[in-house]
Number of protein chains: 2
Amino acid sequence: MNLPALRGHNEALVLELLRGAGPAGLGRTELAARTGLTPQAVSKITARLGADGLVAEAGRAASTGGKPRTLLRLVPDVRHAVGVHLDRDALRAVRVDLAGRVVAESGGPLDFAAGPEAAVEAVVRAVGRVGAHAGPPLVGVGVAAPGPLDHRAGVMGRVTGFPSWKGFPLKGVLEGRLGLPVLLDKDTNAGAAAAAGAWLRSTWPEAGAGADAYADAGRGAGAGAGAGVGVGPGAGADVGPGVGAGGDVLLGGGPRTCVYLHVGTGLGAGLWLGGGVYRGARSAAGEFGHQVLLLDGPPCRCGARGCVEVLCLEAVARGDLPAAARIVGEAAANLVALLDVDRVLLGGRVVAAAPDVFVAGVGAVLAARALDPARPVVALAGAGVAEGAAEMALAPLFGRG
Amino acid sequence: MNLPALRGHNEALVLELLRGAGPAGLGRTELAARTGLTPQAVSKITARLGADGLVAEAGRAASTGGKPRTLLRLVPDVRHAVGVHLDRDALRAVRVDLAGRVVAESGGPLDFAAGPEAAVEAVVRAVGRVGAHAGPPLVGVGVAAPGPLDHRAGVMGRVTGFPSWKGFPLKGVLEGRLGLPVLLDKDTNAGAAAAAGAWLRSTWPEAGAGADAYADAGRGAGAGAGAGVGVGPGAGADVGPGVGAGGDVLLGGGPRTCVYLHVGTGLGAGLWLGGGVYRGARSAAGEFGHQVLLLDGPPCRCGARGCVEVLCLEAVARGDLPAAARIVGEAAANLVALLDVDRVLLGGRVVAAAPDVFVAGVGAVLAARALDPARPVVALAGAGVAEGAAEMALAPLFGRG
DNA sequence: GCACTTCGGCAACACTGTTGCCAAAGTGGT
DNA sequence: ACCACTTTGGCAACAGTGTTGCCGAAGTGC
């Protein structure tokens, strides 16, 4: 770590806290206390961020016996990011602001089998549709694709059924075409990032309707319970001393843990542990489908017997979705107990076919087996994978790169 | 992060690399390349560390076409740490050097039911036996105790069967008595730290026999395959250019992942993920015993059916240890696949009763179900929990506090 | 013997967060 | 209305970080 890196680190720390605080903002003194920096250092850092337009004043808090603190808040519209969900038969791109709120989206069918070159064109077009208009600069593009793939190198792996993709350097090619930093990751990891992002977003009201001008597709199912009421930004003045519940969400207690469970042709999991995606020693973490749940059960294609995958897909094949949901729920409960998970998001084709059955079925098992019945929260990922990819593109700005 | 913290961070980075390199050492240029710092910065940092006695020159490497690099190595004997394993019926304390090698140990029976005050006296006596003699300063004391407990506050939780311990501030009391920093953590987490520490230790030869003068108990079973041959320290000069395999272990590929599985009156797991112990959002991670492995199986005391714990303990009760090992193995394989684990350590009373049966049984299942048959490595934790506690006390020095 | 490469130290430097000081802007008691 | 007190936050000088430019030392290879 050198001096420029230190500077970036502290700026990211401040931005992360301000993001968590929402439009109400935070005082400099509070930032100093939470970052461990001196008030003077915070003043210098926020002055730089203010000069870049990333941070603005947001009124004053009530006095606590002296001069009232000047609240600072993140200006979400000064930078955007794009997230792309590259699926086996569809593509969806979203443009989000710094708070992670969708301001534009675009989507359509995609023939994954047509090969990587055609998909690159489709991605470039989709990014152009959500991002080519006049608007704030893009900090990067996150791309979520079916695994396995090499996240660090940005190279695709062997996607079952699509041999032409193996070894394709998607990150490099897209960076060349778009002239922007590109992050490539598994769709399940992006799902986990979306689950984590939902917390961060939760302190911000919905994006203003005016920004939606160039959306060309309807909004998806949304990622669970939103804040609902839209209080225009900049309205947060005179908020008592106990502000910053959002910040507490980030720093209080342990780090938040989210899991995304994908139920499609196979079962996979994305893990968000301790403030970032957990990929394991060889980027192979998240193998959830071949968890044995019924010793000596029916044989699975993986060679073992009684895997979640074979049990779940058998239940789906015979049309018994509640049974499939219960099986996923038991496996999810194993995972939740092992990793002390806060939030579970469900996604994938099978879930999308009967979302209520799965959310209710998985939720029931988790509630029955969890130590704390209020956790974990189960929700539907909906169209959230692209949002998660955008979240990953945003992450470096907030020190989670 | 402020300037002193930056300084400490970079010093820790260098120390960590030097620890991984073993007695052979590393050149300044290599340190610069791996830390991302400039050679000048590395020179300043190593000069400071050299003045403190933590780092010394270790000969010169072969030239690569210019002036040969001066190798630097960690001086393990300049600081020590103590690890204490506080078990339900025994206590074991080890004194380790900076490489994590045991230089003294002490152990004996302990009546956990006699209450915390008596145990504090026992810990203080044991630390005195391994640490009161003239020797290098101690950086801290790690204490591993039966969970649950509050790691951050250092307060004991409700240990089943020992109500007098609930809420006892062990960390604070011991710090007062010993005048040293004390870290309190669950025994399973210490086991995971021991598993991870085995890698770090592996580049160092066994500690010299001379240092064992005041050991008063025989060594335990050891933590798996040791390096074996004891080459005295300081012998490593003139090692070709491709040095530092130990350092690659730390930085190459993804972070190493270790798991400790405890099989005793219950089953628990300690997780070492991404360079540190993973505790989860509410320090509840590692709940391994109530993983459901047989849907609708026999009822468990936790309320669910078919948990690993009930299956395993049933097999143990009827004397079928291979079956018990197979059950633990299947559950371990689920965990290994989910988290992409490199190394599994087995410990606990049940394992200790028939170590070979469990290592072979668990290993067979893992080999059958793992993607890479060479991983994960299964080994016996032996007496390693105290070593893990010492490893945790050492961790802040190497930037993993 | 010479050109070249590589290592590593010295001094000056740019930039970080910190300290000491002070003005501004409130509250609350008299 | 006044004054003492608290709290916020900026200005200037400062200590300490890693960085740059330069140079000598110590090897290799032609």
Take H151(A) and L184(A), measure what side-chain contact (heavy atoms from CB on, under 4.5 Å) needs, and give me the verdict at the end. CA-CA 6 Å; H151(A) 161 260; L184(A) 176 66; over 6 Å; no
Under 4.0 Å, heavy atom to any atom of DNA chain D: which of residues 4-12 of chain A qualify? none
Looking at R73(A) and E57(A), is there a salt bridge between them, counting it only when a charged N and a carboxylate O are closer than 4.0 Å? no
Taking CE from M1(B) and C1' from dT17(D), how many angstroms apart are they, rounded to a whole number? 13 Å
Give a yes/no answer on whether the side chain of T64(A) brings an N or O atom under 4.0 Å of OP1 or OP2 in dT7(D). no
Using the C1' atoms of the five pairs at each end, what is the angle between the end axes of the helix from dG1(C)-dC30(D) to dT30(C)-dA1(D), to 10°? 10°
With distance as the sole test, does N2(A) use its side chain to make a donor-acceptor pair with the main-chain N or O of L37(B) at under 3.5 Å? no
How long is the line joining CD of E30(A) and C1' of dT7(D), in whole Å? 14 Å
From the options L13(B), L74(B), L17(B), select the one residue that forms a side chain to side chain contact (heavy atoms under 4.5 Å, CB included) with F398(B). L74(B)
Should the pair R101(A)-E391(A) be classified as a salt bridge under the 4.0 Å nitrogen-to-oxygen rule? no
Closest listed nucleotide, where the reference is the side chain of S63(A) and the choices are dG26(C), dT17(D), dT19(C): dG26(C)
Please state how far atom CG in N2(B) lies from atom C1' in dG18(D), giving the value in whole angstrom units. 15 Å
Close side-chain approach of L26(B) to L18(B), heavy-atom, < 4.5 Å: yes
Taking R79(B) first and then D97(B), would you say they form a salt bridge - that is, a charged N and a carboxylate O separated by under 4.0 Å? no
Tell me: CZ of R60(B) to C1' of dT6(C), nearest whole Å? 12 Å
Check whether any side-chain heavy atom of V141(B) sits under 4.5 Å from a side-chain heavy atom of L178(B), and report yes or no. yes
Is it the case that the side chain of K171(B) and the backbone of V182(B) share a donor-acceptor pair, with hydrogens and angles ignored and the cut-off at 3.5 Å? yes
Output a table of nitrogen or oxygen pairs between the protein and nucleotides 9-12 of chain D separated by less than 3.5 Å.
from, atom 1, to, atom 2, distance (Å)
dG9(D), OP1, T70(A), N, 2.6
dG9(D), OP1, T70(A), OG1, 2.8
dG10(D), OP2, S43(A), OG, 2.7
dG10(D), N7, Q40(A), OE1, 3.4
dG10(D), N7, Q40(A), NE2, 3.0
dG10(D), O6, Q40(A), NE2, 2.4
dC11(D), N4, Q40(A), OE1, 3.1
dC11(D), N4, Q40(A), NE2, 2.9

Please check: side-chain N/O of T257(A) versus main-chain N/O of D342(A), any donor-acceptor pairing under 3.5 Å? no
L138(B) side chain near R95(B) side chain, heavy-atom distance below 4.5 Å: yes
Atom pair distance, as rounded to whole Å: CG in L72(B) and C1' in dC7(C): 12 Å
When the distance from CG of L13(B) to C1' of dT17(D) is rounded to whole Å, what number comes out? 15 Å
